[in-house]
Colleague: 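My questions all concern the structure below.
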Amino acid sequence: MSTHRRGALIVIEGLDRAGKSTQHARVCQNLRNQGHRVKSMRFPDRTTPIGESIGAYLRGESQQEDHVIHLLFSANRWEAAASIRTAIEDGTTVVIDRYYYSGIVYSAAKGRDDLSLRWAREPEVGLPRPDLCLFLDVSPEVAARRGGFGNEKYETSVMQKRVRELFYELVQLRDGEDIEIVDAGRGIEVVERDIMEKVVRLMAHTKLTRHLRIML
Ligand code: ADP
Ligand code: 2DT
Ligand code: MG
């Protein structure tokens, strides 16, 4: 029998200032220290041509119709999908800062009748499905204490409030199976320990299916 073991696909999600990027860096470092090969990624990946146009949109330098920007965010994941798959099959664990969960809820949070959660979910179907999504949850009040809003699109209290509600709606759908909610309102080290417990359990567990699954 082959002893080859695929890597895991781990996603860190949450609101603005929940501590995603902080914890993402720590998970990558901790896993490397434990001897795992790790590929660190983030979405949007602003380095590709599609990602550059997303960056311009977020900075308010260009305008995009709501469905169009939604599909560009999705395309930005699709252009990376093959490299995620290859890394994982090769035994490398991929850890991502934001993924399709953000993609679905931020677009649906615009509140258009013709851009529902269900519509927003559809272009993501078929993407590599995470083994674990850690949703870093903070109240808008705690997030506000971590610094004010920047100037990018979506960085408003109305938007953040709606995004949080929709994350909770998404947890009720089938995507909820892959999501673990983490109370990210605690200190950095406490949150890190909580996250690493869940990650180590995942890595040790046979729950890791033989093949990476796809988003359905
Ligand atoms: P995100 O990527 O979710 O927007 P960051 O990791 O960039 O969040 O963190 C936002 C700010 O809050 C940074 O200044 C960071 O140092 C700080 N921060 C992150 N996690 C915590 C925490 N658990 N408690 C207090 N401050 C935090
Ligand atoms: P960062 O500040 O984390 O770079 O996020 N977003 C993100 C979407 O609207 N759709 C997506 O698919 C993704 C991945 C969330 C930049 C902003 O982009 C939003 C915040
Ligand atoms: Mg961040």
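Both counts, for ligands and for their atoms, begin at 1 and track the order of listing.
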Colleague: Please confirm whether His70 comes under 4.0 Å of ligand 2, counting heavy atoms of the residue only.
Modeller: no
Colleague: Quick one: look up the protein heavy atom nearest atom 25 (C) of ligand 1 and list residue, atom name and how far away it is.
Modeller: Arg146 NE, 3.5 Å
Colleague: Below the 3.5 angstrom mark, is there an N/O of Asp97, backbone or side chain, next to an N/O of ligand 1?
Modeller: no
Colleague: Roughly how far apart are Ile104 CD1 and Glu122 CD, rounded to 0.5 Å?
Modeller: 9.5 Å
Colleague: Testing the 3.5 Å rule here: is there a donor-acceptor pair between the side chains of Gln29 and Asn33?
Modeller: yes
Colleague: Is atom 13 (C) of ligand 1 less than 4.0 angstrom from some protein heavy atom?
Modeller: no
Colleague: Nearest heavy atom to atom 10 (C) of ligand 1: which of Glu155, Arg17, Glu13, Glu189 does it belong to?
Modeller: Arg17
Colleague: Which residue owns the protein heavy atom closest to atom 8 (O) of ligand 1, what's the atom, and how far is it?
Modeller: Gly19 N, 3.2 Å
Colleague: Does some side-chain heavy atom of Arg37 sit less than 4.5 Å from a side-chain heavy atom of Asp90?
Modeller: yes
Colleague: Is it true that the NZ or CZ of Arg129 lies under 6.0 Å from the centre of Tyr99's six-membered ring and within 45 degrees of the ring axis?
Modeller: no
Colleague: Would you check whether Gly14 reaches within less than 4.0 Å of ligand 1, judged by its heavy atoms?
Modeller: no
Colleague: First locate atom CZ of Arg6, then atom CG of Asp131, and finally report the distance between them rounded to the nearest 0.5 Å.
Modeller: 4.0 Å
Colleague: Does ligand 1 have an atom that lies less than 4.0 angstrom from a heavy atom of Ala18?
Modeller: yes
Colleague: Among protein heavy atoms, which sits nearest to atom 11 (C) of ligand 2, and what does the distance come to when rounded to 0.1 Å?
Modeller: Phe73 CD2, 3.1 Å
Colleague: Say you draw a straight line from CD1 of Ile84 to NZ of Lys39; how long is it, rounded to the nearest 0.5 Å?
Modeller: 8.0 Å
Colleague: Would one find an N or O of Thr22, backbone or side chain, under 3.5 Å from an N or O of ligand 1?
Modeller: yes
Colleague: Which is it for Leu15 and ligand 1 at heavy atoms under 4.0 Å: side chain, backbone, both or neither?
Modeller: backbone
Colleague: Where on Ile54 is there a heavy atom closer than 4.0 Å to ligand 2, on the side chain, on the backbone, on both, or on neither?
Modeller: neither
Colleague: At a non-hydrogen distance cut-off of under 4.0 Å, which region of Tyr100 contacts ligand 2 (side chain, backbone, both, or neither)?
Modeller: neither
Colleague: Near Phe43, which atoms of ligand 2 are under 4.0 Å from a heavy atom of that residue?
Modeller: 14 (C)
Colleague: Could you state the interatomic distance from CD (Glu65) to CG (Leu115), rounded to the nearest 0.5 Å?
Modeller: 8.0 Å
Colleague: For Lys161, is there an ion pair with Glu165 - N to carboxylate O distance below 4.0 angstrom?
Modeller: yes
Colleague: Which bit of Arg186 is near ligand 1, meaning a heavy atom under 4.0 Å away: side chain, backbone, both or neither?
Modeller: backbone
Colleague: Just jot down the ligand 2 atoms closer than 4.0 angstrom to any heavy atom of Arg46, in number order.
Modeller: 4 (O), 16 (C)
Colleague: Please give me the minimum heavy-atom distance between Gln160 and Glu155, naming the atom from each residue.
Modeller: NE2-CA, 4.2 Å
Colleague: What count do you get for protein N, O or S atoms closer to the Mg ion (ligand 3) than 2.8 Å?
Modeller: 1
Colleague: Please write down residue, atom name and distance for the protein heavy atom closest to atom 21 (C) of ligand 1.
Modeller: Ile188 CG1, 3.3 Å
Colleague: Where do Gly103 and His70 come nearest, in terms of heavy atoms and distance?
Modeller: O-CE1, 3.3 Å
Colleague: In the structure I gave you, are the side-chain heavy atoms of Val199 and Leu134 within less than 4.5 Å of one another anywhere?
Modeller: yes
Colleague: Side chain of Lys20, backbone of Leu15: donor and acceptor closer than 3.5 Å?
Modeller: yes
Colleague: Looking at atom 1 (P) of ligand 1, is any protein heavy atom nearer than 4.0 Å to it?
Modeller: yes
Colleague: When you compare the side chains of Asp137 and Tyr168, does any donor N or O come within less than 3.5 Å of an acceptor on the partner?
Modeller: yes
Colleague: Is the closest heavy atom of Lys153 to ligand 2 under 4.0 Å?
Modeller: no
Colleague: If we ignore hydrogens and angles and just use 3.5 Å, is the side chain of Arg164 paired with the main-chain N or O of Val138 as donor and acceptor?
Modeller: yes
Colleague: Find the distance between OG1 (Thr93) and CZ (Arg32) and round it off to the nearest 0.5 Å.
Modeller: 10.5 Å
Colleague: Given the side-chain rings of Phe167 and Phe135, with only the six-membered ring counted for Trp, is the space between their centroids under 6.0 Å?
Modeller: yes
Colleague: Tell me, which protein residue and heavy-atom name are nearest atom 7 (O) of ligand 1, and how many Å apart are they?
Modeller: Ser21 CB, 4.1 Å
Colleague: Hey, what do you get for CG (Asp178) to CD1 (Ile10), rounding to the nearest 0.5 Å?
Modeller: 12.5 Å
Colleague: Tell me which protein heavy atom sits closest to atom 12 (O) of ligand 2, plus the residue, atom name and distance to 0.1 Å.
Modeller: Arg77 NH1, 2.8 Å
Colleague: How far is atom 3 (O) of ligand 2 from its nearest protein heavy atom, and which residue and atom is that?
Modeller: Arg98 NE, 2.8 Å
Colleague: Strictly under 4.0 Å, does any heavy atom of Arg42 approach an atom of ligand 2?
Modeller: yes
